[in-house]
Colleague: 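This structure is in structure tokens; I'll ask about it shortly.
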Amino acid sequence: MSRPPFPSGWSSIPLSLKNLTLANSLPVGQSFLWHRHAIASSTPGCPTEEFSRAVDNPPRVVCLRQSPSHLYYTGVYPNEHDALADLRRGITKDWVNDYFQLKAHPELEKMYDDWRARDPELFGKVEVNKRAVGVRVLRQDPWECLIAFITSTNNHIPRITSLLHRFSQSFSPPLVTLHNPDNDGETTYHLFPTPTALPTKLEALLRSMGFGYRASFIESSLQTLEEEFKEEIEAGLLRWRNQDVDTVREKLVALKGVGRKVADCVMLMCMDKPSLIPIDTHVAAIAARHPAFPSRLRNKPMSKQVYDETQQFLLDRWGPMGGWCQAVMFAADLPEPKPKVKVVKTKVNTSVTVKRKLEEVSPTLNLKRTRSATRLELKQTRTIVTDEVKMEE
DNA sequence: GTTAGACCTCT
DNA sequence: GAGGTCTAA
């Protein structure tokens, strides 16, 4: 009898970095639950890092790697049956195509051409940035996306990321545990919790987990959604994809903790509304750089009116795929990811303690890169759902 | 309809 | 002050 996890094996899709760059699309503030690891055994021209996360329907861990010419993917399953079904039916391949919108919008480069022609002033100057290459808007799950962006207000990416991982670990059982591809420890993956898995008195719990005042927003929004959709919140939210912007915006803004900006984020990133340009302070600053930006909007505190006019200004520049252009501009404007450093306390002489930074050694590149997912060794797998809520230490 | 403060928490 | 929003004037 085999034991989990069951990898469906690596497959690949021919895809250029200009059409999709994982590193510029996954960790840039649209999605927060991807794990990112260097690959210990890699060779020039082959992938150097792996992105992975738990994905539902069926439950599995999706792993992604990328070379200049191909996108590699595999699903790692807690049971053999689903892994075999994936092999037969290409479940993860379909998921990749849907998530990155490769079928719906196959030619990202054509969009870049269009934005360059429309807006040489802003887009033209930014797109030369390395971080502006291959930025795609992801087609995410609405339920997860909604919670993520309620959590995002007044927070930075690293903090949003840690809060959402904490959320998943607390309310969703471990799915599968895999060795990290950088050979540094292992990761236990959890699906994003379903609404029904959340305890009734959620606010106090979330507060203790560090959500702050957003805790009450999440509890209240959950309650509102339960009133509208009963037990079918996720399916209900998915149906909002088929409705027009104004209708959906009205419903989203009715939820506590969801204002105009969060609503626009959710509609852009999971409800097929590619023209929407969410205006946060960052994007507002980008817009203000444009020579033609109305001076009466400059240095004004954000208000509904300033929001509307700024959004309209950018929409005029960027056109029907304006939300995608915003994603490029946003990603390119993020600070360079800090090189990982370890802060080591070194004891010197008698009792003087100094802090010293040590550059983390980059993984040695081996000449062989295995495409077999059998490297993913089981450490611990539990598929039993517990009612108990685990709190982070 | 518009505009201050407050709000959790971490840097 | 930060990838805002809520509430009360």
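Predicted, not measured: the structure shown is a model, and the values here were computed from it. Every heavy atom of this structure was used, including side-chain atoms; hydrogens, water molecules and symmetry mates were not.
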Colleague: Taking C:dA8 as the reference, what is the distance to B:dC8 when you measure between their P atoms (whole Å, please)?
Modeller: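 To the nearest whole Å, 14 Å.
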Colleague: Look at A:Thr281 and C:dA2 and indicate whether a side-chain polar atom (N or O) is within less than 4.0 Å of OP1 or OP2.
Modeller: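 No, outside the criterion.
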Colleague: For the C1' atoms, the ones on C:dG1 and on B:dG5, what distance do you get once it is rounded to whole angstrom?
Modeller: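 C:dG1 and B:dG5 have their C1' atoms separated by 15 Å.
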Colleague: For the pair made of CG in A:Asp280 and P in C:dG1, what is the distance, rounded to whole Å?
Modeller: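 The answer, rounded to whole Å, is 19 Å.
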Colleague: Do A:Glu49 and A:Arg65 sit within salt-bridge range, that is, some charged N less than 4.0 Å from a carboxylate O?
Modeller: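 Result for this pair is no, no salt bridge flagged.
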Colleague: Please state how far atom CD1 in A:Ile218 lies from atom C1' in B:dC7, giving the value in whole angstrom units.
Modeller: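 These atoms are roughly 15 Å apart.
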Colleague: Under 6.0 Å from the six-membered ring centre of A:Phe211 and within 45° of its axis: does the NZ or CZ of A:Arg207 meet both?
Modeller: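 Judged by the rule (NZ or CZ under 6.0 Å from the ring centre, within 45° of its axis), A:Arg207 is not positioned above A:Phe211.
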Colleague: Look at all strands and tell whether A:Arg214 reaches a base, only sugar-phosphate, or nothing, counting heavy atoms closer than 4.0 Å.
Modeller: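 Base, at least one base atom sits under 4.0 Å.
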Colleague: Among C:dT7, B:dC8, C:dT5, which nucleotide sits nearest the side chain of A:Arg159?
Modeller: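 Closest nucleotide among those given: B:dC8.
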Colleague: Whole angstroms only, please: what is the NZ-C1' distance between A:Lys304 and B:dA4?
Modeller: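 In whole Å, B:dA4 C1' lies 19 Å from A:Lys304 NZ.
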Colleague: One thing to verify: whether A:Arg260 and A:Asp264 come together as a salt bridge, which I'm taking to mean a side-chain N less than 4.0 angstrom from a carboxylate O.
Modeller: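 Judged by the 4.0 Å cut-off on N to carboxylate O distance, A:Asp264 and A:Arg260 do form a salt bridge.
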Colleague: In whole angstroms, how far is the C1' atom of B:dT11 from the CG atom of A:Asn155?
Modeller: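 The distance from CG of A:Asn155 to C1' of B:dT11 comes to 12 Å, rounded to the nearest Å.
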Colleague: Between C:dG4 atom C1' and A:Asp264 atom CG, what is the distance in whole Å?
Modeller: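 Spelled out: CG on A:Asp264 to C1' on C:dG4 is 13 Å.
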Colleague: Evaluate the side-chain proximity of A:Thr187 to A:Ser52: yes if any heavy-atom separation is below 4.5 Å, no if none is.
Modeller: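 No, too far: nothing below the 4.5 Å cut-off.
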Colleague: Check this one for me: any side-chain N or O of A:Gln305 less than 4.0 Å away from OP1 or OP2 of B:dG1?
Modeller: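 No, because none of the side-chain N or O atoms of A:Gln305 sits under 4.0 Å from OP1 or OP2 of B:dG1.
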Colleague: Any idea which of C:dC6, C:dG3, B:dC7 is nearest the A:Ser152 side chain?
Modeller: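 Within the option list, the nearest is C:dG3.
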Colleague: By the 4.0 Å heavy-atom rule, please label A:Val28 as base, sugar-phosphate, or nothing.
Modeller: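 Counting heavy atoms under 4.0 Å across all strands, the contact made by A:Val28 includes a base.
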Colleague: Under 4.0 angstrom, heavy atoms only, what part of the nucleic acid is A:Ile150 near: base, sugar-phosphate, or nothing?
Modeller: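 The residue A:Ile150 makes no contact with any strand.
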Colleague: From C:dG3, C:dC6, C:dG4, pick the nucleotide closest to the side chain of A:Thr153?
Modeller: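 Closest nucleotide to the A:Thr153 side chain: C:dG4.
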Colleague: Taking 4.0 Å as the cut-off, does a side-chain nitrogen or oxygen of A:Arg260 come that near to OP1 or OP2 on C:dG4?
Modeller: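 Answer no for this pair, as no side-chain N or O of A:Arg260 is under 4.0 Å from OP1 or OP2.
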Colleague: Any side-chain heavy atom of A:Trp143 within less than 4.5 Å of one from A:Leu222?
Modeller: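 Side chain of A:Trp143 against side chain of A:Leu222, heavy atoms only: contact under 4.5 Å found.
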Colleague: Could you tell me the separation between the CG atom of A:Leu255 and the P atom of C:dG4, rounded to a whole number of Å?
Modeller: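 Value for this atom pair: 19 Å.
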Colleague: Quickly work out the A:Met302 CE to C:dC6 C1' distance and round it to whole Å.
Modeller: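 So the two atoms are 17 Å apart, to the nearest Å.
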Colleague: CD1 of A:Ile160 versus P of B:dC8: gap in Å, rounded?
Modeller: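 To the nearest whole Å, that distance equals 18 Å.
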Colleague: In plain terms, say whether A:Arg60 and A:Asp82 are close enough for a salt bridge, that is, a side-chain N and a carboxylate O under 4.0 Å apart.
Modeller: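 No, no charged N to carboxylate O under 4.0 Å.
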Colleague: Does a nitrogen or oxygen in the side chain of A:His156 sit under 4.0 Å from OP1 or OP2 of C:dA2?
Modeller: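 No, outside the criterion.
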Colleague: Taking donor-acceptor contacts at under 3.5 Å, does the side chain of A:Tyr307 reach the base of C:dG4?
Modeller: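 Per atom types, no contact qualifies.
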Colleague: Hey, does A:Val283 reach any base, or is it just sugar-phosphate, or nothing, if we go heavy atoms under 4.0 Å?
Modeller: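 Result for A:Val283 = nothing.
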Colleague: Need the pair for B:dC10. Rule: Watson-Crick or G-U wobble, both distances under 3.5 Å, any strand; none if unpaired.
Modeller: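 Checking every strand shown, B:dC10 finds its partner in C:dG1, with both distances under 3.5 Å.
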Colleague: Judged by each residue's nearest nucleotide on DNA chain C, which is more toward the 5′ side, A:Gly29 or A:Gly257?
Modeller: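 This one resolves to A:Gly29.
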